[in-house]
J.: 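Here you go, one structure.
Atoms within a ligand are numbered from 1 in the order they appear, just like the ligands themselves.
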Amino acid sequence: MSSSFQAPKGVSEYVPPRSAAFLAARDAYARAVTRAGYGYIELPVFEDTQLFARGVGESTDVVTKEMYSLTDRGGRSLSLRPEFTAGVVRAVLEHGLHKGQLPVKLWTTGPAFRYERPQSGRYRQFYQVDLEAIGTEDPAVDAETIAVAFDWYRELGLTRQRLLLNSLGCRECRPAYRALLQEFLRGLPLDAATQARAEVNPLRVLDDKRPEVRALVADAPLMIDHLCAACKAHHDTVRERLADLAIEWVDEPRLVRGLDYYMRTAYEFEHPLLGAQSGIGGGGRYDGLSEDIGGPPLPGIGFGLGLDRTVLAMEAEGVAATAQRACDVYGVPLGEAAQRRVFTLVAELRRAGVAADMAYGGKGLKGAMKGADRSGARFALILGERDLAEGVAQVKELATGEQTAVPLDDIVTILKGKVR
Ligand code: HAM
């Protein structure tokens, strides 16, 4: 029987054996970004609500409908982070990191919170791995972020992800395009809610998934055809650098991100086996974000990749199991004196770098061997009273059943050699 409690609705949790893939993915991410020169940043899980309102944008669903906000006992309005980027830029400015060498390259990971309708792959507490390169407009860095994501996916064994790429223009060219698009949308028989959205954020109407809306906006003007010369040059260089790295992408002129800070490069990673929640990650440039939150002009680019959806993609592609680190050696003591000896042997094996575990609770041979099988160990280390008297232990290779007596003093060295 379970307890009277359940986890809050819509949170993602990881327990063994599934948690092994989650951890392996996160560890692999840390290696991939460290190789690419990104330093780690650990941020608070909650921030001033206004940081998200001004950073992520007052007109976004994330801010208007999905934030977990609270007033603390000191009367401050705080919100659980719905994403990382605003917090990273806040921390860069607060700690003056932008006064050193640029770009400031940072990564982080952890839970984020959005009050969304829960379903497979969409949670109210979910996990992201995040990366931000702050303080440069160099389009090569845009391509670098994408390359880092692809390296990570490849290391996890994923092959089916697709990159969708677009440019959203800048403060120079977007306002004119926005007016043009609004003009176009006003002439369409859209429902009242969509018409209202067209007034606040017309680009989002292009991203509407409903077929009837898609049909109506099929001939809408596209940002990509109205980029200023600087944005066009930037976008061309990003594409050129991606081609240099043999990274494939799909041009998606209707791609609009759900957060307001994006400018120029915007991209998403999609996985075809995940159904409705196919967006496994997304990112782009946010050259105006620093100013939006009261900082100096400071361009930036980065991404957030959904760790939960990445694990689902690993499972869908059948590469999650390889993430499991099995136990190498499992101790099977028979009797109290043997238990004491196996207990120290297991500790010595671990110190020697061998993954080792043992049967606890005074189990008999049958029960303990079942534990050995379940642990996934390659070897059982069986120690009975008679073995102990003779100064040996039985090392049994579980796959073949082959068993040899090994002197207790040599156990660690020999097993260490065998599991290499
Ligand atoms: P985002 O597209 O809102 O971007 O989220 C990035 C990824 O997080 C999504 O592609 C998805 O995989 C995952 N995700 C988002 N919401 C949920 C949810 N409710 N449940 C499960 N997974 C989810 C950002 O958050 C930006 N901060 C990314 C960024 C960083 N842009 C520049 N720098």
J.: Write out the residue and atom name of the closest protein heavy atom to atom 30 (C) of ligand 1, then the distance separating them to 0.1 Å.
T.: Thr85 OG1, 2.9 Å
J.: Is Glu144 salt-bridged to Lys105, cutoff N-O under 4.0 Å?
T.: yes
J.: Between Arg31 and Asp27, does any NZ, NE, NH1 or NH2 come within less than 4.0 Å of an OD or OE carboxylate oxygen?
T.: no
J.: So which of Ala86, Pro118, Ala313, Gly302 gets nearest to atom 32 (C) of ligand 1, if we judge by its closest heavy atom?
T.: Gly302
J.: I need the atoms of ligand 1 closer than 4.0 Å to a non-hydrogen atom of Asp130, numbered in the order shown.
T.: 30 (C)
J.: Using a 3.5 Å cut-off on N or O atoms only, is Glu83 in polar contact with ligand 1?
T.: yes
J.: If you measure every N/O of Arg114 against every N/O of ligand 1, is any gap under 3.5 Å?
T.: yes
J.: Side chain, backbone, both or neither: which part of Tyr261 comes within less than 4.0 Å of ligand 1 when only heavy atoms are counted?
T.: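 It is the side chain that gets close, since no backbone atom is under 4.0 Å.
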J.: Would you say Gly283 has any N or O atom under 3.5 Å from an N or O of ligand 1, going by distance alone?
T.: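 No, there is no polar N/O contact under 3.5 Å.
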J.: What is the closest protein heavy atom to atom 1 (P) of ligand 1, and at what distance does it sit?
T.: Arg257 NH2, 3.5 Å
J.: Students should be able to answer this: which protein heavy-atom is nearest to atom 20 (N) of ligand 1, and at what distance?
T.: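 Result for atom 20 (N) of ligand 1: Tyr123 N, 3.0 Å.
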J.: Need the ligand 1 atom indices (1-based, order shown) with element for anything under 4.0 Å from a heavy-atom of Gly281.
T.: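 Within the 4.0 Å cut-off of Gly281, ligand 1 contributes 10 (O), 12 (O).
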J.: Does Phe269 come within less than 4.0 angstrom of ligand 1, counting non-hydrogen atoms of the residue?
T.: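 No, Phe269 has no heavy atoms under 4.0 Å from ligand 1.
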J.: I'd like to know if the side chain of Glu66 pairs up with that of Tyr68 as donor and acceptor (distance under 3.5 Å, no hydrogens or angles considered).
T.: no
J.: Counting heavy atoms only, which part of Glu132 comes closer than 4.0 Å to ligand 1: side chain, backbone, both or neither?
T.: side chain
J.: Is Glu47 paired with Arg90 through a side-chain N to carboxylate O contact shorter than 4.0 Å?
T.: yes
J.: Have a look at Gly304, Gly279, Gly258, Ala133 and point out the one with the heavy atom closest to atom 6 (C) of ligand 1.
T.: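 Nearest option to atom 6 (C) of ligand 1, by heavy atoms: Gly304.
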J.: Using heavy-atom distances, let me know which of Ile280, Leu259, Leu312 sits nearest atom 24 (C) of ligand 1.
T.: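 Looking at heavy atoms only, the winner is Leu259.
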J.: For the residue pair Glu83 and Gln128, confirm or rule out a side-chain donor-acceptor distance under 3.5 Å.
T.: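 No - no donor-acceptor pair under 3.5 Å links their side chains.
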J.: Could you tell me which atoms of ligand 1, counted from 1 in the order shown, lie closer than 4.0 angstrom to a heavy atom of Tyr286?
T.: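 In order of number, 32 (C), 33 (N).
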J.: So that I can tick it off, tell me whether Arg154 and Asp151 are bridged by a salt bridge, with the cut-off set at under 4.0 angstrom between side-chain N and carboxylate O.
T.: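 Yes.
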J.: How far is atom 29 (C) of ligand 1 from its nearest protein heavy atom, and which residue and atom name does that atom have?
T.: Tyr262 OH, 3.3 Å
J.: Look at the rings of Phe22 and Tyr14 and say which category their plane angle falls in: under 30° parallel, 30 to 60° tilted, over 60° perpendicular.
T.: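 Aromatic pair Phe22/Tyr14 classed parallel.
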J.: Is the shortest N/O to N/O distance between Leu305 and ligand 1 below 3.5 Å?
T.: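 Leu305 vs ligand 1: no N/O contact under 3.5 Å.
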J.: So is Ala112 touching ligand 1 or not, going by heavy atoms under 4.0 Å?
T.: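 Per 4.0 Å heavy-atom rule, Ala112 does not contact ligand 1.
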J.: Among all protein non-hydrogen atoms, which one is nearest to atom 13 (C) of ligand 1, and what is the separation to 0.1 Å?
T.: Gly306 CA, 3.7 Å
J.: Ser375 and Asp357: side-chain donor and acceptor closer than 3.5 Å?
T.: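 On atom types as modelled, these side chains do not qualify, holding no pair under 3.5 Å.
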J.: Determine whether the side chains of Thr85 and Tyr261 contain a donor N or O and an acceptor N or O closer than 3.5 Å.
T.: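 Looking only at side-chain atoms, Tyr261 and Thr85 do form a donor-acceptor pair, the distance falling under 3.5 Å.
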J.: Could you tell me whether Arg186 atom CZ has more than 12 heavy atoms of other residues or ligands within 6.0 Å of it?
T.: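 Yes.
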J.: Suppose we measure from atom 23 (C) of ligand 1 to each protein heavy atom; which comes out shortest, and what is that distance?
T.: Phe126 CD1, 3.4 Å
J.: Show which atoms of ligand 1 fall inside a sub-4.0 Å distance from at least one heavy-atom site of Gly284.
T.: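 Numbered from 1, ligand 1 contributes 32 (C).
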J.: When you check the gap from the basic side-chain N to the acidic O, do Arg204 and Asp61 get nearer than 4.0 Å?
T.: no
J.: Taking the six-membered ring for Trp, are the ring centroids of Tyr267 and Trp249 within less than 6.0 Å of each other?
T.: no
J.: May I ask you to check whether Arg122 has an N/O atom sitting below 3.5 Å from an N/O atom of ligand 1?
T.: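 No: no nitrogen or oxygen of Arg122 is under 3.5 Å from one in ligand 1.
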J.: What residue and atom, counting heavy atoms only, is the protein's closest point to atom 21 (C) of ligand 1, and at what distance?
T.: Gly121 O, 3.3 Å
J.: Any non-hydrogen side-chain atom of Lys65 less than 4.5 Å from a side-chain atom of Glu116?
T.: no
J.: How close does the nearest protein non-hydrogen atom get to atom 5 (O) of ligand 1, and which residue and atom is it?
T.: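 Checked against all protein heavy atoms, atom 5 (O) of ligand 1 sits closest to Gln128 NE2, 3.1 Å.
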J.: Could you tell me whether the side chain of Met314 reaches within less than 4.5 Å of the side chain of Leu158, counting heavy atoms only?
T.: yes
